[in-house]
Amino acid sequence: MSKFKLAMVQMAVGLSKPENLARATKFIQEASSAGAKVITLPECFNSPYGTNYFAEYAESIPGGPSTEALAKAAKENSVYVVGGSIPERQGDKLYNTCTIFNPKGELITKHRKVHLFDIDVPGKIRFQESEVLSPGDHLTIFTTPFCTIGVGICYDIRFAEMAQIYANKGCALLLYPGAFNMTTGPAHWEALQRARALDNQVFVATASPARDTGAGYIAWGHSSVVDPWGDVISTIDEKEGIVYADIDLARMEEVRKNIPIRNQKRLDLYNPVSVPLKSQRKDDLYDIHQ
Ligand SMILES: O=C(O)CCC(=O)C(=O)O
């Protein structure tokens, strides 16, 4: 099937986990009624986003109420659910984890955020997920009858190599549940989505929590879908809502045919990048101006 409807849910997230789960369930129903086949929730949809909340809201996967609610919603609506993320507890470790369900309600895989969000922009924002979370240790791809999909969580979108691996493995769509903030959101959120889409000639989509100006961490919102040409084909402001897009794989093939960068790569030049500079001769591949 070369066309399907994707839904990216930008939902409000509050302090009450049961209310967050009820809201997510309602949005999954709504998106399914509108014809969506793959429905993605935001990062940290069952808990406010913040290092002080992760331990309190964490669950084991599977077995916790969030996983159960999503499994049920996926089955009842017969859709793929990409469950944004929840804080996951395993042993004495916590992870930021996305659970993925098929239309039978089976948990088919999970993605633990691999790049933890540790930044310090003086006077603007300091955030250190690594103070409480551990990073995942694998990349996550799943197949559907529509296309193959790669998953990253928020900060993962900054790492071009990860998206490139997904594209090389045949993913046509990269999904990034995320919660950018009021500093890096306006600066980088859209640019990163368009960059990953253009680099790899794939669809890229994001789902953010809706903005809550009373929260400790204020999300940027602006969930979007970008096509392989780099166009933002669907987006929203900061408020609650669902972003829909028809993912047309024929469009991807067209862009790849029009601008065939995938066949024009000079791997003979890039591979030596790993060779230490001092081991190279003068006439080597690099023309370094000093
Ligand atoms: O990369 C950024 O600027 C924001 C990342 C983020 O909010 C996250 O990883 O949760």
Side-chain angles (χ1 to χ4, degrees), residues 8-14 20 24 40-58 66 82-88 93-99 110-140 150-164 166 174-197 199 204-224 226 235-236 238:
M8 306 303 287
V9 174
Q10 181 163 297
M11 55 176 268
V13 177
N20 294 333
T40 307
L41 300 174
E43 181 182 29
C44 234
F45 76 92
N46 76 351
S47 138
Y49 185 65
T51 49
N52 50 325
Y53 294 111
F54 294 148
E56 184 189 337
Y57 287 76
S66 304
V82 178
S85 78
I86 63 169
E88 176 193 5
K93 289 197 169 154
L94 296 175
Y95 301 91
N96 187 340
T97 304
C98 176
T99 50
K110 67 180 179 184
H111 178 73
R112 288 175 169 164
K113 187 177 196 172
V114 288
H115 303 96
L116 294 182
F117 176 41
D118 285 357
I119 69 166
D120 189 357
V121 185
K124 301 277 191 190
I125 178 170
R126 180 179 184 279
F127 203 96
Q128 302 289 313
E129 272 189 326
S130 65
E131 283 170 359
V132 290
L133 297 182
S134 298
D137 60 6
H138 67 268
L139 305 185
T140 306
V151 180
I153 300 177
C154 206
Y155 201 59
D156 284 337
I157 199 173
R158 290 189 179 270
F159 297 84
E161 294 88 340
M162 180 173 168
Q164 194 176 357
Y166 284 160
L174 310 186
L175 294 175
Y176 293 97
F180 269 43
N181 50 76
M182 301 301 286
T183 298
T184 61
H188 302 151
W189 175 247
E190 183 182 313
L192 284 164
Q193 292 170 65
R194 297 184 70 197
R196 296 296 83 86
D199 288 345
V204 172
T206 51
S208 166
R211 190 177 304 164
D212 171 2
T213 51
Y217 180 95
I218 303 176
W220 171 238
H222 296 267
S223 303
S224 309
V226 179
T235 190
I236 193 171
E238 75 286 0

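Values in this document were obtained by computation on a predicted structure and should not be read as measured data. By convention here, the first residue in the shown sequence is residue 1. Whatever order the structure lists ligands and atoms in, that order sets their numbers, starting from 1.
In this structure, Tyr176 OH and Ser224 OG are separated by 14.0 Å, a value rounded to the nearest 0.5 Å.
There is a side-chain donor-acceptor pair under 3.5 Å between Gln193 and Thr206.
Side-chain N or O atoms of Glu88 include none that pairs as donor or acceptor with a backbone N or O of Ala58 at under 3.5 Å.
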Ligand 1: which protein N/O atoms lie under 3.5 Å from its N/O atoms?
from, atom 1, to, atom 2, distance (Å)
ligand 1, 1 (O), Arg158, NE, 2.7
ligand 1, 1 (O), Arg158, NH2, 3.4
ligand 1, 3 (O), Arg158, NH2, 2.8
ligand 1, 3 (O), Thr184, OG1, 2.6
ligand 1, 7 (O), Ala179, O, 2.8
ligand 1, 7 (O), Tyr217, OH, 2.9
ligand 1, 9 (O), Lys113, NZ, 2.6
ligand 1, 9 (O), Tyr155, N, 3.0
ligand 1, 10 (O), Glu43, OE1, 3.0
ligand 1, 10 (O), Glu43, OE2, 3.3
ligand 1, 10 (O), Tyr49, OH, 2.7
ligand 1, 10 (O), Lys113, NZ, 3.1

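Taking the centre of each ring, Tyr49 and Phe127 come in below the 6.0 Å mark.
For residues 180-190, the set of pairs meeting the salt bridge (Lys or Arg N to Asp or Glu O under 4.0 Å) definition, not counting sequence neighbours, comprises Glu190-Arg194.
When Thr99, Leu175, Thr140 are each tested for a side chain to side chain contact (heavy atoms under 4.5 Å, CB included) with His111, only one passes: Thr140.
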